[in-house]
Every structure is written in structure tokens, then in C-alpha cells.
Amino acid sequence: MSFPLLTVTAAVPAVGAILTAAVPAARRTAAKWLALFFSLATLALAVLVAVRFEPGGDRYQLTESHAWIPDFGLRYELGVDGIGVALIALTALLIPFVIGAGWNDADPLETHSSRWRPTQGFFALILLVEAMVIISFEATDVFLFYIFFEAMLIPMYFLIGGFGDRAHAGSDENAAAQRSYAAVKFLLYNLAGGLIMLAAVIGLYVVAGNFSLQEITAARAAGTLDMATNTERWLFLGFFFAFAVKAPLWPLHTWLPNAMGESTAPVAVLITAVVDKVGTFAMLRFCLGLFPEASKWATPVILVLALISIVYGALVAVGQRDIKRLVAYASISHFGFIVLGIFAMTSQGQSGATLYMVNHGISTAALMLVAGFLISRRGSRLIADYGGVQKVAPVLAGTFLIGGLATLSLPGLAPFVSEFLVLVGTFARYPVAGIIATFGIVLAALYTLVLYQRTMTGPLKEEVRTMPDLRLREILVVAPLIALLIGLGVYPKPLTEIVNPAVEHTMSDVKQTDPKPEVGVVAEHAKNGEAAK
């Protein structure tokens, strides 16, 4: 038996979560270092997965398959394609920075609280989420995926409700109520989507006789699995609804601003840069893979929802007064671009969507973590409470600017490549949708630059006059993310080489080919006309 690399990659953070939670209450610092060690070990394993993955090889590699509950057709099946490899790497990369940024976020405020373990619990929950997200990217058994798709809601609920933002305006009772509301709303929205998906998963088993993604897609390709049109469409809607909630796609997005606003900055990064990617990843792997005809049938409506997400999210972000809610609405707009690229049904669009998942994770992490450092210094999330920060904290202001410019997809930074591919791929098949989506770029420039202007430039406010610049730990958290944004913006080839073969397989599942450029068609007609003469 070959070494179960995928299982170990998901198991290491889970073991780390258990050991971190078991650290004695008085050893908070030891718990932090233990959590960081296990996150770095997971990153090393993720790098090994990427190294062992062969882009030109089989679609699913490093596969594992073991009987789980044979009487119900359940198997423990894992495997990764290029898209899964990229997102596992993103998850493993971000968690050490999340831990480093939240180093002091869960320490008890009162000295008599030393008998409790809030710090240990905080970092253990982060590692537990990492384990569940990684195995979700690896699972090729639909039911196994569903279990972890839902299970990750539990640690996220406690991270949002139990470890909220200490910069909340108002009384402690009001802050606790707001955190509780945000956590319950997050849980209810995602549970509702998950229950609908469960019905669809059971329906899929009734139709296909098993839960294996590889077996079902192979049977469909060979013509041995005949799924009735209406049945396929209903099953597709059950899956897509759950993924659209997680994504989040308009109008199922309203839980995200509350959850990000009431969370600490590292947990907000965990939500939008890591957990939400499971939704868009699953659209590619399960919606298009299992239900290709239904995916094409639903494409016009989904493109409209994606365009609304792009424009609506950006417009609401422009009017925000809260820094973290602004980033949340900006993320809703960015997820609209990802969904648009997926359902444009072109190789450029889907490659761009996958790159967008990775690049959005890095850029949002950079911006939100720096925003968290800023908020912790001033004790306020309101944009109006800042001004002239660049005069007293130039490094903080500079990193905040780069994170903001990456958010608006400035050329030379990583998100530009992915957004450009999404727009090119969309315009090739749906030119009107591509034109409408470009308005999101204009609005992104508006909300990003206005945010920077109001917080970092202008007269120096008295309340920020003594604000310290970034400390060494904070620089170590942000600097690698900035370097990645620049490096992948200049040279994205390492990612595209891994992702493109997987996109080709997805395009084959839905039996789509890229449309021919109109310029070539015109030239061919002209050539034929000259020949006729």
C-alpha cells in the first residue's frame, strides 16, 4: 500500500487541534507555538502533495480508496486534481499567517480567567477547520465530502460566536449579542443549504447506486448511467443551493457581512479566504462533474446572479462605514467574478476562476490582516475614526495600500491575472455579461482608493497620533503575502500549469469547447470571398 499522503495531510492539523486543546490552561504560549508547529507541518505536507502531483498525469492522483460502510455503498475515497492541489496549498499557506496574526486575540482579558482555556480553544478550532477544509478538497466520495462540508460549520460557529472582535462599539453585552446573532445566522444559512444538499445526495445515490464521483462521471461519459432530465435538474439545484450559500452568491450572501464584521480579523480571513472557497470549488467538481446538462440549463440564471453579486457587492462596499464590512462586501463582488468564470463554460473563464480563488485568498488575507492590526491599535472599525495614519505608521499604510491595490486587481499583482482571464473567458461566449462585469472593476477602484484616502491620508487625527507602526511579528505575517501577490502577478505560470489540465477535464465533462474568436471568423469569410472572386 502506498503512503496515504492525502489522509496524513488532513490528519496532521486534526491531531494538532486535539493536542493544542489539551495544553494546560496556564501554558497559553506553549499552545500557540504548538498550533503554529502543526500548521507549518501541514504546509510542508501540502507542498509535498504539489510536488508529487503530475499536471499531465491522471485526472485524480494520490488516490486512496477503502471500504467504509459497504452496505450503504459508502467508501473512504480521496484524490486530487490540479484545482484541489491549488486550494489545498492555499489553505495550508494561510493558516500559519492566521495563527500568527491572531497570536494575542484569544488571551483572557481578566487575570482570574487563567483556569479557562480560551487561547487553547481558539487555536485548536482553527486547526480543526483547516483539517476539514483540506479533506473537503480531497474527497471524491460525495457523502464523505458532504460530512466535512457540514462539519466545518461547528468550529466556525464557535470561532465567530465565542471569539469576537474586541473593537466592537458599545457595551460588552451588546457586543456579545451581536456576535451571537452573527454566529447563529451563519449556522442557520449554511445548515439550510446543507439539509437541501443532503436530500440531493440521497437522490443521487438512488439514481446512481453509489456515491463515488469517479464512478458516476465515468458511467455518464460511457453512457451507462441515464439520468432523467428533470431528475438531473432537481439534483443539481440541491447541490448548487448549498454551494451558493457557502460561496456566498447573491441573494444568499447576507450572513457574510455579519460574520466577518463580528469576528476577529484572522477568523474573518478564515471565513472568506478559506472556508468560502469550498463552495466555489464544489461547483466545479460536483455541479459540473455530476450534472453537466443541468449545469448548462441553469447557466443563464446563474450568470445573472453572478453579475448582480459583482455590481451589488461593489456598490454596497462603496457606502460602508465599517472597514471589515467593506472588505466583506468586496468579497461578495469577487465571488461573483469566480462564479461568472465557472459558468462562462470556457477554459479561460474556468482557469481564471480557479486562479481567482487562490489570488483572492491571498489578497483578502493581506488586506484584512493589516486592517485587523490597524483596528487593534485604534480600537475602532469605523473609517471615520482614522486619518493621516501614513504619517505615523508608514509601513502599515504601505502594506494596507498594496493589499487594497491587489483587491482592485491592479496589473502586476496576482488578482489581475485571474480577473483578466475571467473577463476574457466570459466575453468570448457572453459578451454582454463580460461588459457588465467590467463595472465591478471601476467600483472596486472607487471603494479601495476612498478607503485608503480616508484612513491613511489627510490631516492627522489626534487619536492616531501615537499609533505604533507594524511590529516584527506583524511584518512577518504580512510580508510573505505581499511577496506572493507580486510574484504570482508577474509569473503565474506555476499555478496555471497545475490548473489548466484539470479545467480541460471539466470542460470535457460538460462537453463544451471554447468559441472561435470573431476576428478569425471574419478573416475566414473574407478569405473565402476573395477565393470566390
Compare all side-chain heavy atoms of E419 with those of F337 and state whether any distance is below 4.5 angstrom.
yes
Please report the C-alpha distance between Q320 and Y329 in whole Å, then the side-chain angles of each, then the deciding distance to 0.1 Å, and finally whether the side chain to side chain donor-acceptor pair (under 3.5 Å) criterion is met. CA-CA 9 Å; Q320 287 301 304; Y329 279 105; 5.0 Å; no
Do the ring centers of H360 and F335 come within less than 6.0 Å of each other?
yes
When every non-hydrogen atom of G434 is compared with those of L423, the smallest separation belongs to O-CD2, 3.9 Å
Side chain to side chain contact (heavy atoms under 4.5 Å, CB included) with S418: of L495, L355, I338, T354, only one passes, and it is L355
Inset, instruction - List the steps, then state whether side-chain contact (heavy atoms from CB on, under 4.5 Å) holds for T272 with V327. - result: CA-CA 10 Å; T272 190; V327 178; 5.9 Å; no
Query raised in the report: Checking K324 side chain against P257 main chain: does a donor-acceptor pair fall under 3.5 Å?
Result: no
One should read off an interatomic distance between S39 OG and L93 CG, to the nearest 0.5 angstrom, of 10.5 Å
Closest non-hydrogen atoms of R325 and G261, given as atom of the first, atom of the second and distance, are CG-CA, 4.5 Å
For this session: Report, as yes or no, whether the 6.0 Å neighbourhood of atom CZ on R473 holds more than 12 heavy atoms from other residues, nucleotides or ligands.
Result: yes
Sub-4.5 Å side-chain heavy-atom contact between I135 and E130:
no
Does a sphere of radius 6.0 Å around CZ in F416 hold more than 12 heavy atoms from other residues, nucleotides or ligands, not counting ones at 6.0 Å or beyond? yes
| message | The test is side chain to side chain donor-acceptor pair (under 3.5 Å); show your working for Y312 and S333 and say whether it passes. | response | CA-CA 7 Å; Y312 166 82; S333 181; over 6 Å; no
Using the side chain to side chain donor-acceptor pair (under 3.5 Å) rule, take T407 and T448 through it: C-alpha gap first, then chi angles, then the decisive distance, then the call.
-> CA-CA 8 Å; T407 299; T448 300; 5.5 Å; no
Practice problem: Evaluate the criterion salt bridge (charged side-chain N to carboxylate O under 4.0 Å, His left out) for residue pair R377 and E474; output intermediate values, then yes/no. | Solution: CA-CA 12 Å; R377 284 159 165 74; E474 296 166 336; 2.7 Å; yes
task = Find out whether K32 and T119 are in side-chain contact, i.e. whether some heavy atom of one side chain is under 4.5 Å from a heavy atom of the other.
result = yes
Query - Non-hydrogen side-chain atoms of T364 and V269 separated by less than 4.5 Å - result: no
Ion pair E262/R381, N-O distance below 4.0 Å:
yes
Are the side chain of T438 and the backbone of I435 linked by a donor-acceptor contact shorter than 3.5 Å? yes
Salt bridge flag under 4.0 Å for residues D385 and K461:
no
Scanning both residues in full, the closest heavy-atom pair of V422 with G352 reads CG2-C, 3.5 Å
To the nearest 0.5 Å, atom CG of L484 lies from atom CG of N359 at 9.5 Å
- Message: Do I375 and S380 make a side-chain contact, defined as non-hydrogen atoms from C-beta onward lying under 4.5 Å apart?
- Response: no
Between S351 and V503, the two heavy atoms sitting closest are OG-CG2, 3.6 Å
To the nearest 0.5 Å, atom CD1 of I95 lies from atom CZ of F38 at 15.0 Å
Quiz item: Is the ring centre of F243 less than 6.0 Å from the ring centre of F149?
Solution: yes
Between S263 and A268 (side chain of the first, backbone of the second, donor and acceptor by atom type, cut-off under 3.5 Å), is there such a pair? no
What one should report as the nearest heavy-atom pair of F281 and I83 is CD1-CG2, 3.8 Å
request  = Evaluate the criterion side-chain contact (heavy atoms from CB on, under 4.5 Å) for residue pair M132 and V275; output intermediate values, then yes/no.
outcome  = CA-CA 9 Å; M132 292 179 176; V275 172; over 6 Å; no
Note: R285 and D81 closest approach over all heavy atoms is NH2-OD1, 3.4 Å
To the nearest 0.5 Å, atom OG1 of T91 lies from atom CZ of F137 at 4.5 Å
request  = Please confirm whether the backbone N or O of I332 pairs with a side-chain atom of W250, one donor and one acceptor, at under 3.5 Å?
outcome  = no
Check your understanding: Within a reach of under 6.0 Å around CZ of R378, are more than 12 heavy atoms found that belong to other residues, nucleotides or ligands?
Key -> yes
Practice problem: Apply side-chain contact (heavy atoms from CB on, under 4.5 Å) to the pair V129 and M156, showing each step before the final yes or no. | Solution: CA-CA 7 Å; V129 171; M156 285 305 308; 3.7 Å; yes
Going by atom types alone, do Y452 and Q390 pair a side-chain donor with an acceptor below 3.5 Å? yes
- Task: Could you tell me whether a side-chain N or O of S295 sits under 3.5 Å from a main-chain N or O of C287, the two making a donor and an acceptor?
- Result: yes
Check: Is there side-chain contact between T254 and K185, with heavy atoms separated by less than 4.5 Å?
Finding: yes
Quick one: does any side-chain atom of Q350 pair with a main-chain N or O of I342 as donor and acceptor, under 3.5 Å?
yes
Rounding to 0.5 Å, atoms CG (L125) and CG (L159) come to a distance of 4.5 Å
- Query: Just wondering, do T280 and L249 contact through their side chains at under 4.5 Å, heavy atoms?
  - Reply: no
Check: Taking it one step at a time, do S309 and H253 satisfy side-chain contact (heavy atoms from CB on, under 4.5 Å)?
Finding: CA-CA 9 Å; S309 291; H253 67 284; over 6 Å; no
Are F186 and L256 side-chain neighbours, meaning at least one heavy-atom pair lies under 4.5 Å?
no
Interatomic distance, NZ@K246 vs CD1@I271, rounded to 0.5 Å, equals 11.0 Å
query: Is the backbone N or O of I383 less than 3.5 Å from a side-chain atom of R321, with the two atoms forming a donor-acceptor pair by type?
result: no
